[in-house]
Every structure is written in C-alpha cells, then in structure tokens.
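Inspection log for the structure reproduced underneath, given as structure tokens.
Residues: numbered from 1 along the sequence shown. All values below were derived from every heavy atom in this structure, side-chain atoms included, with hydrogens, water molecules and symmetry-related copies excluded.
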Amino acid sequence: MNEALETYIKGHPIVTIFRNEENLYTVLRIKVEETNIEFKEKEIVVIGYFPHVYEEETYIFYGKFQEHPKYGRQFNVTHVRKDIPKTKQGIIQYLSSDLFKGIGKKTAESIVDLLGENAISRILENPSLLDTIPKLSADKAKTIYETLVEHQGLEKIMIGLNELGFGAALAMRIFQVYKDETLEIIQSNPYRLVEDVEGIGFSRADELGSKLGIQGNHPDRIKAACLYKLDADCMQEGHCYLEKSEFVFSVKQMLESTQPIEIPLEDIEVELLKLEEEGKVVSKEDRVYLASIFYSEKGLVNNIKRILDQKEFAESFPESEFLLALGELEDRLGIEYAPSQREAIQTALSSPMLILTGGPGTGKTTVIKGIVELYAELHGCSLDPKDYKKDEVFPFVLAAPTGRAAKRMTESTGLPAVTIHRLLGWNGSNTFDFNEENPIEGKIIILDEMSMVDIWLAHNLFKAIPDHVQVILVGDEDQLPSVGPGQVLKDLLAADLIPTVRLKEIYRQESGSTIIQLAHSIKNGKLPEDLKKPQRDRSFISCSTSQIPEVVKQVVGHAVNKGYTSKDIQVLAPMYRGPAGIDQLNKILQGIFNGKNDSDKKRRELKFGDVVYRVGDKVLQLVNQPEKNVFNGDIGEVVSIFFAKETEDKTDQLIVSFEGTEITYTRQDLSQITLAYCCSIHKSQGSEFPVVILPMVRGYYRMLRRNLLYTAITRAKDKLILCGEEESFQIAVNQTDVNFRNTTLTERLLKKMVPIKEQNQEVEITNDALAISYEEALMNTDPMIGMGDITPYDFMEEQEKVNEG
C-alpha cells in the first residue's frame, strides 16, 4: 500500500466522543495539523477501529472523507500510526514520554545510542535487540516492545490485513485475537481464522489460503474444512453428531467445490484423526462429534445418574401424611386435583427427579403450584423469601430458558424465578460461575420449558445441581426443539428412565377454549373440520401471500379500536423476508401502533439501517446480556431517545425498559434489538399473549412444520386469528419428519443405567477441560452462525439478512 497516494490527516486528539472497548470502534475529534488534500477546517471528527490514542500525542490517520446525513463531514479511518519523530532527540523524547511507563530519559538515550535513529523499526523487527541495552530489565523491555507494537506494529498489521482483503472492523477483530503475531499466523496458516475469529468462514479462509499458495490436500485446509462443516451442520440442524461416511464425503465435496482439485477420502480421514488427537473432535462408532457436544452428552448422563441414584426421598414422608396435606391444600385453593395431577405431585415430592409433560390446558402450572405448596407444608418451610435469614438457604429454585417464561413461573407460583443463564451465573465468556465445584443452593429445583434447553446448557445446568436436591423438569414434548444442538426433553422421555407423568386431559377446555382443542387436534395430526368456522375465541381469514399485509393491518386496526394494545397483540410468522415476512409486517404494525404524522414532526426517532425506532416502540432483545439482566427473547419498550449532543459520550442513545429494567443502547448496540410487533414463532416460545395473529401461506413453504404450527397456536391465551390458505395449514400439519436430529443422549442413558451382560463398557471420561463450549465454537466460525435469533426454522431467512447486511 503506497501511503504517499493515500489521503491522510495528521493531528492530535481533542476529545473521544465514543469508544467501544470490545471492538475498539472509536469516534474522535482531532485538531488538524497537516493533510495532503485541500482542507481548511481546524478540527475534524475521525471514525474507525484503532487502539487507544493519547491527547498529548500526534497521529497520522489514513482514510477518506464521508458525509454523514446527521453529523456532517467525517473522516473514515482505514489505519492509523503514531507520528514518530525523525531526529535522535525526538526519538529520545518519544521513548521517555508517558506512553512508555517506567522508561526514563537515560534509558531512552541508551537505546538510541546503541540502536541509532532507526531504533524503533529495528526493535519492531527484532525485539531481542533490547536485551543488549545495559541495565534494561526484561519487564521494561517487554513494556517498550508491547507499546511499540500497539502504536506502530498495529499500523503495519492493519495495512497488511487490508491488502489481504479484510475491512477495518474485521481486521481489528483479527488483531485482537493474534496481537503482534497476526500477520505471521495468517501467512503460515490462514485456516486458523475459521476456528479463532468470529465472522470468518471456510470459504473466506480458503480464498486467502489460495492466494498464499495453500491448495489441494494441504493438512491445514482439510482440517479447517472438517471443523467448519461439522460445526455448521450441527449448529444449523441441531445435530449432536454426523455420520462419519457422509460427513467425510460432504467435506470432500466442499473442498473440491472451491478448488477444482480431487481430494482423496483417505486424506480427509487422516486429518480427522489428527483433529481427534488434538481434542477438537471425537469419533465413535462411525459418528463424528464436536468435542464440546460429545462431552456435554456424556456429562449430562453422568449427572442424571448421580441425581437418580439418591435414595433418601423414597421414604421422606408416609403416604397418609401426603394425602392429608393434599386434601387441606385442595380445600384452601378451592380445587380438586385429577388423579394424574395427584400422581405428578406425589411423584415429584417422593423422587429425586420427575419429568412433567403435557400440552396446553392440561394443568402443568396447577401441578407446579401444588408441588411447591405441598413441599412447604410437608417440610415445614416458608414460601416467602423474606422469612429467611441471610445465611439460610431458600429451598425453592425456579428457572426457565427465557425471561418471559421465568416471569410466567413467578406469576403462577408467587415465587421468584430466573433464567437458567442467570441461575448459573453466566459471565459472558462462555462459562458459568456455578458448576460442580460451586453448586447452586436449594432443595427443590423446577425447570420449565425444557423443550427449549439444548445439550450444552443442560450439561452445565445439571453439573451445577448438588446432591440431595429434587429436580422437576416441565415441558411440552410436541413444541419446537432447542435452537442449539440436541433434543434433551425428547431424548429423556425416550429413555424412559426418569419418573414421568404425562398430563393428557384438557382442563381449560371446560371454559370453552377452542384454541386448546385446535392445538391438540394439530398435535394429533389433524385439522378440525370447523377450522374456517368462526368460534368464540378464534377465527380464520382466507387470503393469499400478497394479501397478508393488508389483512393483518385490518385485523390489528380492528383490535386497536376495541381497546387492545401492542402488548396484548402478537403477530407471529415463520420467515423474515418477503411480502408476508416479519420485517415487512413490523413496518406495517409500527405504523398502526406507533406511527408518526404531520402533527408530531418534533417527535424523537432514531434510524438504524432500515428500521426507525420511536419512543413507545415494542422491541425484542436478540442476544444474551446477563450482566444487564436482559436475555435473548425478552420484549421491552423504548422509553427514551437521546441525541449525541445531549449525552456525555456524545453518541445517540436509546433506552429500553424490560419490565422495569432500563437498558441503554448506543448506536453500535442497536443490532442487539429489533422491532417486536411481529416476531418469529421460535422467539415466542415460553410466552403467552392475549391475542395471537398467525399467517400461514405457501410463501412460507420451507418453514411449514407441525411443531412450528403447534407452538404458534399454543401462544394464544384468549383469541387466535388465523389467516392464509387452508392447504398451507394442512401442509404444516403433515410435515413431521423433516427436523430429525442425530443425538445419542437416549442411547447413553440406557447404556449407563440399564446393565447389559457382556456389554463392552466404555472408559468413563469426565474431564470437561477438553470441551470448549459450543457457543465458543459457534462464535468462531461463519458470520451467519452465532446470531442470537437463528433457529433451525428461520436460518435461511436470517442467512439472507446477513448476506444483505
């Protein structure tokens, strides 16, 4: 790159307007000292990705001018370097400045006397030269080199990465991973980027590898393809493993599709064996696993067995005492539990573990309340957390995968409930504070919406459950499976080793709920004959894909006129793109609920991409932010908007309230939220809404699935409006075998807990140190993987969004 031809501005910082310490994106106002183009202003705002800069230092910013629609002229920086003095005295002053902590003038003079006026470039090329400086300690030598790398080496690295085709943001991300070794690592093995850096997939690394002369059956190329293919297929399809023969062949196809060179299958198998020796994959019985998933399945089985092996609950209290307490509870609540519900409560209180499953309206919530009430009665403990002293353990632990599901638990039981991530102390770095060495505290743990829990989270949850604790797992086996790999609830039920009660009788049907009847009909593979006949709590509007936006607009407008609000009404759709997609419907619904007209021109709004946010907008959180107590799937409301000139950080801010918890988003954070008037069906799991509007048309063909339709319908509490084509609903009901997942949890449970004579016992591997979290693997692969809202059902739509973005 020829800097002489580049546009540059030389100057020193005046004020840092904004800085993101995670990705180093910076907005800076500088005083202009020199430039190579015609520019008469004394100050300019520069934006870009670069390390910390100091107000007393002078820098040269390379890039180009751009016109921001709101903030005016700015200088977009591609790379920056510290302006190094050219004279001997200037270099001495530079090395003895505050930039180099602990380096005085005498030390700086010694360095320049020995290494000359080009001392800085020589040190960067060969840091061992500092070992020749008299009386210079190893720590001070390290400080000098690291500071030079940060302020001079980074410039070289950024230029090098730019020449390799990486933009400033991605280049900075790469530098944060490899630091001063960046160029050396990439040039020796560019395929490491696939594993290590979020946003780089195999095709990008392979393109770079080809430029650097790495082709064909090079070991690094084959290894990267294996890891990428295994990770992508497992994360997108929910598999825990891939069949080895099919996997090896698919890797061969991918390798040969990007470079027209035949790759022998034997070469792939050799590199796969090396990956296993490195602890990155596990190959068992013609199955290939990511190490994290393999050890998650194995660890979960071990911990389930540990919990089930507890015997002390069997005789914890006589049956007569239970029946007496149950009768008193029924009298107090004014209800009478059905036989299956009584069985569930008694089994939960007398067993180390219970699975409680059933569809909507079967009384799962009633049973949960009965369990906690009876536990308190039989064990003589209070249900009020305030009655416990600081050093006393509150016995009841309630958790769910999402914040909304946890809130529903709190509303139904009166007890505090949290997300599983919050319960385990998610610290944002793919680990939890609570584990087998630091278990969670409690006596009885109730986990709701277990169908949403993937294998990695289940493993981390169960290993943090201490001995002498009773565990109740609650869920609907017919709902959508987890976003991540596995189908934990389904596999646990299939193993049939954990005491299980299936609630089948529909109690809410007594109140005349045809929504519940419809859900159970779909669950059983049938559409009712009266699907299109208007009912008290549901209706059907026939329309085509192109008519969906207008139909939804009219239905919502009619509901608003009846007094319903955006909090009451939830539109659900399976796909993001298209005329009947989530994005388009959100724009229409925002206009209805929170539009802007000529009378409120001064009303505040903030534009981000194609979305305009206004105060009062209903928004959806897309990623976990446990440190802020907000999680993927939470719905909030925009309560304030502040413009850059009004904030201390000089950046736009949007404030969202999540049930009273206010979170501040800067412009760089707005990718973490989206409008929520319409959301994906998977995002709605764990929630109920008074009114649900559900379009279902041929345009959604790739997403038409029975469990998707069933999940959507069971979100409606009071009213359900179906719109679309009856045949599309029928297609969805008929599609049941398209989401098969490769898992071995059931097999492992049976092998571990059901002794078989002459069975070849595997050597137990309990060391989880080999297993990285699948979130980490997920975040270090393709840019389309790792997005908080990608599901096996709307992945392709999200992929289109990422590609377009």
Side-chain angles (χ1 to χ4, degrees), residues 399-411 416-422 426 428 449 452 483 556 560 564-573 576 582-583 585-587 589-596 603-643 647 651-692 715 717 787-789:
T402 67
R404 285 174 289 166
K407 182 187 175 186
R408 286 177 58 197
M409 290 186 79
T410 296
E411 292 171 347
V418 296
T419 64
I420 296 174
H421 280 80
R422 187 167 178 80
W426 172 257
E449 298 290 351
M452 300 174 66
V483 175
V556 171
V560 169
Y564 288 99
T565 68
S566 63
K567 291 182 179 180
D568 302 322
I569 303 170
Q570 186 61 53
V571 181
L572 302 177
Y576 283 86
I582 294 169
D583 293 339
L585 293 177
N586 261 322
K587 291 179 181 179
L589 294 167
Q590 184 189 39
I592 297 173
F593 288 113
N594 203 25
K596 185 177 181 180
R603 188 176 176 194
R604 295 191 169 205
E605 58 182 33
L606 194 61
K607 186 174 183 180
F608 181 74
D610 294 333
V611 181
V612 175
Y613 292 103
R614 304 185 183 106
V615 173
D617 270 335
K618 180 179 178 181
V619 295
L620 179 76
Q621 177 74 13
L622 298 175
V623 296
N624 288 327
Q625 292 283 355
E627 67 279 4
K628 298 179 180 179
N629 194 29
V630 59
F631 296 87
N632 181 4
D634 286 351
I635 290 180
E637 179 183 343
V638 178
V639 292
S640 298
I641 291 176
F642 296 102
F643 299 128
T647 66
T651 181
D652 295 331
Q653 293 182 357
L654 185 144
I655 315 297
V656 179
S657 175
F658 294 94
E659 303 294 339
T661 300
E662 292 192 352
I663 307 298
T664 300
Y665 297 83
T666 63
R667 181 170 288 278
Q668 281 66 43
D669 301 326
L670 291 180
S671 60
Q672 298 177 11
I673 62 173
T674 187
L675 292 175
Y677 300 105
C678 178
C679 71
S680 71
I681 295 169
H682 210 295
K683 286 291 183 186
S684 72
Q685 252 187 298
S687 300
E688 274 189 345
F689 307 96
V691 179
V692 166
R715 300 309 94 204
K717 186 177 181 181
M787 294 183 61
D789 54 351

Item to check | Residues in side-chain contact (heavy atoms from CB on, under 4.5 Å) contact with Thr410, at least two apart in sequence or another chain | outcome: Ala417

Checklist entry - Does Glu637 have any side-chain contact (heavy atoms from CB on, under 4.5 Å) partners at least two apart in sequence or in another chain, and if so, which? => result Lys567

Checklist entry - Any idea which heavy atoms bring Tyr613 and Val611 closest together, and the distance? => result CZ-CG1, 3.6 Å

Checklist entry - Under 3.5 Å, is there a donor-acceptor pair between the side chain of Arg715 and the main chain of Val692? => result no

Item to check | Donor-acceptor under 3.5 Å (Gln570 side chain, Ala676 main chain) | outcome: yes

Checklist entry - Any salt bridge (charged side-chain N to carboxylate O under 4.0 Å, His left out) pairs touching residues 655-666, not counting sequence neighbours? => result Lys407-Glu659

Checklist outcome for this item: Rounded to the nearest 0.5 Å, the CD atom of Gln653 sits from the CG atom of Leu670 at a distance of 10.5 Å

Next on the checklist: Among residues at least two apart in sequence or on other chains, which ones pass side-chain contact (heavy atoms from CB on, under 4.5 Å) with Thr402?
Outcome noted: Arg404, Ala405, Met452

Item to check | Plane angle bin for His421 and Trp426 - parallel if under 30°, tilted between 30 and 60°, otherwise perpendicular | outcome: perpendicular

Next on the checklist: If I compare all heavy atoms of Cys679 with all of Ile582, which pair ends up nearest, and what's the gap?
Outcome noted: C-CD1, 3.7 Å

Next on the checklist: Restricting to side chain to side chain donor-acceptor pair (under 3.5 Å), what partner residues turn up for Arg408, sequence neighbours left out?
Outcome noted: none

Next on the checklist: Donor-acceptor check, side chain of Asn586 to backbone of Asp583, threshold 3.5 angstrom: yes or no?
Outcome noted: no

Next on the checklist: Holding to side-chain contact (heavy atoms from CB on, under 4.5 Å), I want the full list of residues that pass it with Val615, two or more places apart in sequence or in another chain.
Outcome noted: Ile641

